[in-house]
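One is the number of the first residue; the rest follow in order along the sequence. In each ligand, atom 1 is the first atom listed, and ligand 1 is the first ligand listed.
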Amino acid sequence: MIQRALVTGGVGFIGSHVVDALVARGDSVAVLDVLSTGRHQNLNPKATLFQVDLRGDEVADALQSFHPDVVFHLGAQSSVVVSLRDPVQDAEINVVGTANLLRACVGAGVRKVVFASSGGTVYGEPDTLPCAEDQPLRPRSPYGASKVAGEALLQAFSASFGLSGTALRLPNVYGPRQDPNGEAGVIAIFGARMLRGEPVTIFGTGAQEKDYVYVEDVARAFLLASEEAESQVYNVGSGVGTSVNTLFSSLAHLTGYALQPSHEPARPGDVFKFSLDGTRLRQRLGWRIRVPLEEGLRKTLSSLRGS
Ligand SMILES: NC(=O)c1ccc[n+]([C@@H]2O[C@H](COP(=O)([O-])OP(=O)(O)OC[C@H]3O[C@@H](n4cnc5c(N)ncnc54)[C@H](O)[C@@H]3O)[C@@H](O)[C@H]2O)c1
């Protein structure tokens with residue numbers, strides 16, 4: 001059966017891979033994106049674009065006209081650093097924008113919403129690692145707080161209006177189309193700089209660990225979650241932390257980079273050691289990591305070479 005799917009943030013880094021996976025399985029796909037950090041060149045040619053801000057009335061119009069069965073909500077102010085600089089704008093897009101979208105979903109009779117939450121920021125400093133879904137939510141940035149609020153809205157719309165919504169708490173996602181000029185996405189940034197032979201800066205000692213998962217594995221988690229009728233919360237994680245120093249060495253090895261990194265002070269709000277327990281997603285929906293880190297780094301470098 002052909003499904004109608006709408007992806008907010010569908011010309012952004014992760015959203016564009018979700019769109020590609022939906023198109024590949026034969027769905028009819030629309031993208032809702034204001035093209036702030038997203039780029040037109042990421043638009044899958046088979047997808048329809050609604051160039052609309054999540055906060056506006058046009059969101060309801062877009063949903064009424066496309067009539068999606070499923071909505072993948074990845075459109076967001078997606079930077080921790082920007083949220084520290086402008087927490088009001090972060091909340092307007094990520095909280096008010098999410099409420100506006102969910103209201104439009106109810107109005108258009110959407111069957112399921114899958115929301116991109118953030119495993120790396122909603123838990124803060126977890127008590128145990130790898131961090132499971134039942135750990136307390138203690139965000140340390142306005143961005144993390146806005147993701148907790150988005151999850152709470154999803155839960156409230158499920159209880160009040162019967163809208164089924166699943167939150168995916170994403171790890172540090174990496175892969176092709178991640179902005180190498182941005183302030184997040186250490187693999188894209190290091191990889192691009194190393195390929196150009198430019199100096200690389202590590203914030204803090206480089207011993208800080210995060211859970212890195214290749215973007216196509218993350219996109220598959222969105223498709224799997226959309227097939228489940230009930231509302232759920234899932235971590236999308238490998239359960240393994242990798243340090244920035246390890247990433248630096250692996251990428252230096254793969255690119256033949258010979259310079260030493262320079263160091264700057266650690267960033268405020270940065271969590272020191274982190275990994276996400278993906279057991280629930282594996283057991284309930286059969287999700288697996290298909291692209292291990294080494295292979296993902298090679299794929300990312302080869303796309304950076306081509307861009
Ligand atoms: N990249 C990661 O590692 C990571 C980790 C955890 C969670 N997430 C979440 O996953 C989602 C996708 O992240 P990404 O890395 O692809 O970021 P991204 O910035 O590439 O994508 C976000 C998209 O949202 C669009 N957008 C921003 N404001 C909008 C608005 N007001 N109205 C409509 N569209 C708007 C942007 O143009 C962009 O295309 C986000 O919700 C982000 O918070 C990402």
Side-chain angles (χ1 to χ4, degrees), residues 6-20 30-44 47 49-59 62 71-83 86 89-101 104 113-123 139 141-151 154 167-189 210-219 221-222 234-238 271 274 276 296 300:
L6 181 135
V7 183
T8 77
V11 294
F13 162 47
I14 306 171
S16 63
H17 288 272
V18 172
V19 169
D20 290 352
V31 166
L32 189 154
D33 199 304
V34 80
L35 277 86
S36 51
T37 53
R39 298 201 237 145
H40 204 279
Q41 70 199 58
N42 291 342
L43 181 66
N44 186 299
L49 174 65
F50 292 95
Q51 194 170 340
V52 161
D53 193 302
L54 280 164
R55 295 163 284 185
D57 294 339
E58 302 83 1
V59 170
V71 169
F72 298 87
H73 180 31
L74 294 95
Q77 188 303 104
S78 57
S79 156
V80 170
V81 176
V82 170
S83 84
D86 193 347
Q89 192 210 30
D90 179 86
E92 280 170 358
I93 298 174
N94 292 0
V95 184
V96 177
T98 297
N100 191 40
L101 175 74
V113 178
V114 186
F115 170 61
S117 182
S118 162
T121 63
V122 296
Y123 297 110
S141 63
Y143 169 78
S146 74
K147 289 294 178 182
V148 173
E151 287 194 20
L154 212 61
L168 295 182
R169 294 178 179 159
L170 305 186
N172 279 54
V173 187
Y174 72 98
R177 300 183 202 145
Q178 189 160 34
D179 185 0
N181 305 308
E183 35 196 22
V186 66
I187 291 172
I189 295 168
K210 303 276 167 61
D211 191 334
Y212 297 91
V213 178
Y214 191 65
V215 65
E216 285 174 10
D217 282 329
V218 172
F222 276 87
Y234 292 113
N235 285 339
V236 182
S238 73
V271 175
F274 192 73
L276 267 177
T300 307

One pair per line, please: each N/O atom of ligand 1 matched with every protein N/O atom under 3.5 Å away, atom names first, then the distance to 0.1 Å.
residue	atom	partner	partner atom	Å
ligand 1	3 (O)	Val173	N	2.9
ligand 1	16 (O)	Phe13	N	3.3
ligand 1	16 (O)	Ile14	N	2.8
ligand 1	17 (O)	Ser78	OG	3.3
ligand 1	19 (O)	Thr37	OG1	2.7
ligand 1	19 (O)	Ser78	OG	2.8
ligand 1	20 (O)	Phe13	N	2.9
ligand 1	24 (O)	Ala76	N	3.3
ligand 1	31 (N)	Asp53	OD1	3.1
ligand 1	32 (N)	Leu54	N	2.9
ligand 1	34 (N)	Val34	N	3.3
ligand 1	37 (O)	Asp33	OD1	2.7
ligand 1	37 (O)	Ser36	N	3.0
ligand 1	37 (O)	Ser36	OG	3.3
ligand 1	37 (O)	Thr37	N	3.3
ligand 1	37 (O)	Gly38	N	2.9
ligand 1	39 (O)	Gly12	N	3.2
ligand 1	39 (O)	Asp33	OD1	3.3
ligand 1	39 (O)	Asp33	OD2	2.5
ligand 1	39 (O)	Gly38	N	3.3
ligand 1	41 (O)	Leu74	O	3.0
ligand 1	41 (O)	Lys147	NZ	2.9
ligand 1	43 (O)	Tyr143	OH	2.5
ligand 1	43 (O)	Lys147	NZ	3.1

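Among residues two or more places apart in sequence or in another chain, the salt bridge (Lys or Arg N to Asp or Glu O under 4.0 Å) test is passed with Glu92 by Arg55. With sequence neighbours left out, Glu216 forms a salt bridge (Lys or Arg N to Asp or Glu O under 4.0 Å) with no residue at all. Scanning for salt bridge (Lys or Arg N to Asp or Glu O under 4.0 Å) contacts around Asp179 gives an empty result, with sequence neighbours left out.
For the residue pair Ser117 / Arg169, no side-chain donor-acceptor distance below 3.5 Å is found, with atom types taken as modelled. When only modelled atom types and interatomic distance are considered, Gln77 and Asp90 share a side-chain donor-acceptor pair under 3.5 Å.
Residues Gly175 and Thr300 share a closest heavy-atom pair of CA-OG1, 3.5 Å.
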